[in-house]
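By convention here, the first residue in the shown sequence is residue 1.
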Amino acid sequence: MADKQISLPAKLINGGIAGLIGVTCVFPIDLAKTRLQNQQNGQRIYSSMSDCLVKTIRSEGYFGMYRGAAVNLTLVTPEKAIKLAANDFFRHHLAQDGQKLTLLREMLAGCGAGTCQVIVTTPMEMLKIQLQDAGRLAAQKKMLETQASLSAPGAAPSVLGSSAAPARPTATQLTRELWRSKGVAGLYKGLGATLLRDVPFSIVYFPLFANLDALGRPAPGEKAPFYVSFLAGCVAGSTAAVAVNPCDVVKTRLQSLQRGVHEDTYSGFLDCARKILRNEGPSAFLKGAYCRALVIAPLFGIAQVVYFVGIGEALLGLLPGRHD
């Protein structure tokens, strides 16, 4: 118990470092996921992840792929720290006399971790989605203007360039506007959908990772090689990501404040799910699933390696250790 308590700050450091590294590596794919999930039938700008990234670079430059990254990099440290440390905390307290956790208790620990993390995840996702989707809305507007200009006989060539590109808000401006208009509730729009995504994700991810990682341990009580932890994190993360993708699609739609032309608006989780099913079919719930898997796999693979290698313990001068 003593070791668990004094190593908690190290675990928080590990989670933060892992989050920073992971987000920097995979953020462009996450941006493509958001844009693919938000586009609706009849208003398709991007046909695939690669098409989205290519068009983003052409229209917004290389750093256009990192729109919203500052929000993630700022908040991912507390988010990942809470998630990983909470799971560790619940696993420790659900263990009985040092015995191996049952699958049900592993799932309960994951549920607790997922519930705790939404305190940071919801406002982070809320701001990130607005920034990520701004480029899609601008591209859609430009496409519609081009179509209107070509279809109007005798239209002046200058019509297309007459409308200036809308100013894209910053995260600070969005935060102020939401706080001023709706208070703290504005930053927590989509909280229920976030819970419905993150709690099942953690219920699937943490037990699956723990059992896959255990397969690579040379002996009970010893650490698995780092590549085993990395692969276990990748497999568990991508599996959980695809499993909860329908909830992620609904959450993304609900948290998007701006809509394109002729795009649906939603009053809540069930209304959103019904309209997606009716207007776009069941396959729409898998939009961006492969992008999300490509984001989550390395993100959690890196996270688990950093977390379990013990960078935080080294920084704090503690003995590196792992506790399951």
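Looking at every heavy atom in both residues, Ile276 comes nearest to Ala284 through CG2-CB, 3.6 Å. The minimum heavy-atom distance linking Pro225 with Gly216 is given by the pair CD-O, 3.2 Å. Closest non-hydrogen pair, Cys272 versus Leu254, comes out as CB-CD2, 4.0 Å. Contact detail for Val26 and Pro298: the closest heavy-atom pair is CG1-CG, 3.4 Å. When all heavy atoms of Pro218 and Glu222 are compared, the closest pair comes out as CG-OE1, 3.2 Å. Between Arg91 and Ala109, the shortest heavy-atom distance links the atoms CG-CB, 3.6 Å.
Applying the salt bridge (Lys or Arg N to Asp or Glu O under 4.0 Å) test to Arg136 and every residue at least two apart in sequence or in another chain returns Asp133, Glu263. By the side-chain hydrogen bond (donor to acceptor under 3.5 Å, both in side chains) test, Arg67 is found to be paired with no residue, residues two or more places apart in sequence or in another chain being considered. Applying the ring-ring contact (aromatic ring centres under 6.0 Å, His included) test to Phe90 and every residue at least two apart in sequence or in another chain returns nothing.
Enclosure of atom CD in Gln258 is not indicated, since only 12 or fewer non-hydrogen atoms of other residues, nucleotides or ligands lie within 6.0 angstrom.
Side chain to side chain, Thr170 and Thr172 fail the donor-acceptor criterion of an N or O pair below 3.5 Å. Using modelled atom types, one finds a donor on one side chain and an acceptor on the other under 3.5 Å when comparing Arg35 with Thr56.
Taken from CG in Leu94 to CG in Leu101, the straight-line distance is 6.5 Å, to the nearest 0.5 Å. Note that the OG atom of Ser229 and the CG atom of Leu212 stand 10.5 Å from one another [nearest 0.5 Å]. Asp264 contributes atom CG, which lies 12.5 Å from atom CZ of Arg274 (distance to the nearest 0.5 angstrom). Interatomic distance, OG of Ser50 versus CD1 of Ile29, reported as 11.5 Å (0.5 Å rounding). Note: Tyr66 OH to Leu31 CG = 10.5 Å, rounded to the nearest 0.5 Å. Interatomic distance, Tyr290 OH to Ser238 OG, rounded to the nearest 0.5 Å: 15.5 Å.
Side-chain contact between Phe206 and Glu106: absent, with no pair of heavy atoms (C-beta onward) separated by less than 4.5 Å. Contact of the Leu315 side chain with the Ile17 side chain is registered, since non-hydrogen atoms from C-beta on lie closer than 4.5 Å. With contacts defined as side-chain heavy-atom distances shorter than 4.5 Å, the pair Met49/Leu294 qualifies. When side chains are defined from C-beta on, Lys55 counts as touching Tyr46, because their heavy atoms get closer than 4.5 Å. A 4.5 Å side-chain heavy-atom check between Leu137 and Lys141 finds every atom pair outside the cut-off. Within the 4.5 Å cutoff, no side-chain heavy atoms of Leu187 are placed close to those of Thr122. For the pair Phe27 and Gln132, the minimum side-chain heavy-atom distance is below 4.5 Å. Side-chain contact between Ser202 and Asn87 is absent, with no heavy-atom pair separated by less than 4.5 Å.
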Just list the side-chain donor-acceptor pairs under 3.5 Å for residues 174-181, sequence neighbours left out, or say none.
residue	atom	partner	partner atom	Å
Thr175	OG1	Ala171	O	2.8
Ser181	OG	Glu177	O	2.8
Ser181	OG	Leu178	O	3.4

Residues 111-120, side-chain donor-acceptor partners within the protein, below 3.5 Å, at least two apart:
residue	atom	partner	partner atom	Å
Thr115	OG1	Cys111	O	2.8
Gln117	OE1	Lys83	NZ	2.3
Gln117	NE2	Glu79	OE2	3.0
Gln117	NE2	Thr121	OG1	3.0

Show the atom names and distances, to 0.1 Å, of all donor-acceptor pairs under 3.5 Å that link a side chain in residues 240-251 to residues at least two apart or in another chain.
residue	atom	partner	partner atom	Å
Asn245	ND2	Phe285	O	2.9
Asn245	ND2	Lys287	O	3.1
Asp248	OD1	Arg197	NH1	2.8
Asp248	OD2	Lys33	NZ	3.0
Asp248	OD2	Gln37	NE2	3.0
Lys251	NZ	Glu125	OE1	2.8
Lys251	NZ	Gln255	OE1	2.8

Quiz item: side chain to side chain contact (heavy atoms under 4.5 Å, CB included) between Arg217 and Lys223: does it pass, once the steps are laid out?
Solution: CA-CA 6 Å; Arg217 295 179 184 176; Lys223 291 196 299 184; over 6 Å; no
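Looking at Glu280, its side chain never comes within 3.5 Å of a backbone N or O of Gln40 through a donor-acceptor pair. A donor-acceptor distance shorter than 3.5 angstrom exists from the side chain of Gln130 to the backbone of Leu257, with no hydrogens or angles considered.
Cluster annotation: Ile45 and Ile129 are assigned to distinct hydrophobic clusters (Ile/Leu/Val/Met/Phe/Trp/Tyr, side-chain heavy-atom contacts under 4.5 Å, transitive). Cluster annotation: Val184 is connected to Leu75 through the hydrophobic network of ILVMFWY side chains, with a link wherever side-chain heavy atoms come within less than 4.5 Å. Linking ILVMFWY residues whenever their side-chain heavy atoms come closer than 4.5 Å, directly or via other members, leaves Val204 and Leu231 in distinct clusters. Follow the hydrophobic side-chain contacts under 4.5 Å out from Val199 and you reach Leu103 in the same cluster. Clustering ILVMFWY residues whenever any of their side-chain heavy atoms sit less than 4.5 angstrom apart, transitively, puts Leu208 in a cluster other than the one holding Phe230.
Using the six-membered ring where Trp is involved, Phe209 and Tyr205 have ring planes that are parallel, under 30° apart on the 30 and 60° scheme.
Taking the charged nitrogens against the carboxylate oxygens, Lys128 and Asp30 do have a contact shorter than 4.0 Å, which makes a salt bridge.
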